[in-house]
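In this text, all values refer to a predicted model and were calculated from it rather than measured experimentally.
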Amino acid sequence: MSNDKRRRAPVGHLEAAFGVSLDPELLERALTHRSFAYENGGLPTNERLEFLGDSVLGVVITTALFRNHPDLPEGQLAKLRASVVNMRALAEVARGLGPEGLGQYLLLGKGEEATGGRDKASILADTLEALLGAIYLQYGLDIAAQVIHRLFDPLMAESAGRGAALDWKTSLQELTAALGLGVPEYRIEGTGPDHLKTFTAWVVVAGNRYGGAEGRSKKEAEQRAAESAWRTLTDQAEADAAASEAAARETTAPEARTGTAATGVPAAVAEVVVVDLPDDRVPADATPDGRPESGRA
């Protein structure tokens, strides 16, 4: 057994994240990156399973979008699918698997290990697809679809909420245009050696800075900064709309607050109560309406 296998986290946590148990041999193949295979005598890699999983994922996501959005034309459906089935989105799902993400379970060669391969978006996305291919082989399409929905339904709902934009930068630009805030501007810094560089990005909207998000590439960092800005601005817009609605309700019924009738006379004064008195209570010299005649002694 290689040192890499001995160091690997217990796969039970990974299987729990998927909600299924996998045949050990099939699971190991799904986790075997080609760099590890080449360094260990040409073992089978996960690339064939990745090919299969990519197709299974595509048909499940496409079917779900087709059924969930019966009024969307083909072009918008394609954009929604692209916002869910792409390397960055798959890598984010992979990072959420198990206690510390999918990366800790990978079988990598020394070169990939040294250059941060456990958090590379391309490797994480490919391995996730390989695992979905393995689940399909062992359990069939119905169970594979259940697993995919478990992992990707939140992402599909979020993408639908952002409209048909392909990415967070596009979504943010659409939002700032709608709010009259101008075009977002991005600032980015890189740290670390060339082979292990980390980028931090901020986005400036109407003079305010958002983000401070990190990524392994400039594009990834900018996407995360755009996501942070989009969420903050959306929350602010919703809060402002709620406050405006509450203020409008306060100003639509002034008489309800002041107790003033439509005539401008206080309601307590405007209301007249007429009380009928019994005949034996009416003075003999009273007028027909029950009041004493004026000037009578």
Side-chain angles (χ1 to χ4, degrees), residues 54 57-58 60-62 64-65 68-69 72-97 101-103 116 119-129 148-191 197-241:
D54 175 69
L57 176 64
V60 172
I61 296 297
T62 302
L65 293 174
N68 293 341
H69 304 282
L72 285 185
E74 180 270 342
Q76 286 181 286
L77 286 173
K79 289 182 178 181
L80 272 178
R81 181 178 59 190
S83 70
V84 175
V85 184
N86 64 74
M87 181 181 68
R88 179 183 167 275
L90 266 65
E92 287 300 312
V93 171
R95 291 186 180 107
L97 297 173
L102 179 58
D119 195 49
K120 281 186 179 178
S122 59
I123 293 178
L124 291 172
D126 291 347
T127 306
L128 177 57
E129 289 181 330
I148 290 169
H149 281 293
R150 179 178 180 175
L151 298 178
F152 286 88
D153 276 359
L155 183 58
M156 283 194 285
E158 185 179 80
S159 297
R162 286 188 278 133
L166 287 173
D167 53 46
W168 286 110
K169 290 180 69 175
T170 304
S171 297
L172 178 62
Q173 187 163 336
E174 291 177 351
L175 178 63
T176 57
L179 296 176
L181 299 178
V183 179
E185 298 179 3
Y186 292 86
R187 307 283 186 269
I188 193 160
E189 296 177 357
T191 58
K197 193 175 283 291
T198 299
F199 297 92
T200 303
W202 293 266
V203 58
V204 180
V205 177
N208 296 315
R209 192 168 77 160
Y210 306 89
E214 293 186 352
R216 292 297 308 277
S217 67
K218 292 180 180 180
K219 182 177 180 180
E220 183 178 7
E222 287 179 346
Q223 286 288 343
R224 290 180 176 178
E227 177 184 356
S228 175
W230 186 91
R231 292 186 186 282
T232 300
L233 291 172
T234 298
D235 289 344
Q236 289 176 352
E238 291 175 352
D240 291 345

Could you walk me through whether Leu128 and Leu57 pass the side-chain contact (heavy atoms from CB on, under 4.5 Å) test, one step at a time? CA-CA 10 Å; Leu128 177 57; Leu57 176 64; over 6 Å; no
Euclidean distance, Gln223 CD relative to Glu220 CD, rounded to 0.5 Å: 9.0 Å
Starting at NZ of Lys79, measure out to CD of Glu74 and round the result to the nearest 0.5 Å. 10.5 Å
Quick check: closest heavy atoms across Ala125 and Ala91, and the distance to 0.1 Å? CB-N, 4.3 Å
The single option from Val205, Val183, Val203 passing side-chain contact (heavy atoms from CB on, under 4.5 Å) against Thr176: Val205
To the nearest 0.5 angstrom, please state how far the CD1 atom of Ile188 sits from the OG atom of Ser217. 8.0 Å
Ion pair present between Arg88 and Glu92, side-chain N to carboxylate O less than 4.0 angstrom? no
Contact between Leu181 and Leu233 at the side-chain level, heavy atoms closer than 4.5 Å - yes or no? yes
Taking all heavy atoms of Ala213 and all of Ala221, pick out the closest pair and write down the distance. O-CB, 3.8 Å
Applying side chain to side chain contact (heavy atoms under 4.5 Å, CB included), can you list everything that pairs with Asp153, at least two apart in sequence or on another chain? His149, Met156
Is it true that Glu189 and Arg187 make a salt bridge, defined as a side-chain N closer than 4.0 Å to a carboxylate O? no
Ala89 to Val84 - nearest heavy-atom pair and separation: CB-O, 3.3 Å
Got a second to check how far Lys169's NZ is from Arg224's CZ, nearest 0.5 Å? 14.5 Å
To the nearest 0.5 Å, how far apart are CD in Glu174 and CH2 in Trp230? 10.5 Å
Check side chain to side chain contact (heavy atoms under 4.5 Å, CB included) between Asp119 and all other residues, then give those that pass, not counting sequence neighbours. Arg95, Leu124, Arg216
Counting C-beta onward and ignoring hydrogens, is there a side-chain heavy-atom pair between Leu65 and Leu72 closer than 4.5 Å? no
Is there a side-chain contact between Thr234 and Leu175 in this structure, where contact means two heavy atoms from C-beta onward sitting under 4.5 Å apart? yes
In terms of heavy-atom contacts, Arg150 and Pro154 come closest through O-CD, 4.2 Å
Thr62 meets the side chain to side chain contact (heavy atoms under 4.5 Å, CB included) criterion, sequence neighbours left out, with Arg81
Stepwise side-chain contact (heavy atoms from CB on, under 4.5 Å) test for Thr232 and Asn208: CA-CA 11 Å; Thr232 300; Asn208 296 315; over 6 Å; no
Spacing of CD belonging to Glu222 relative to CH2 belonging to Trp168, to within rounding of 0.5 Å: 15.5 Å
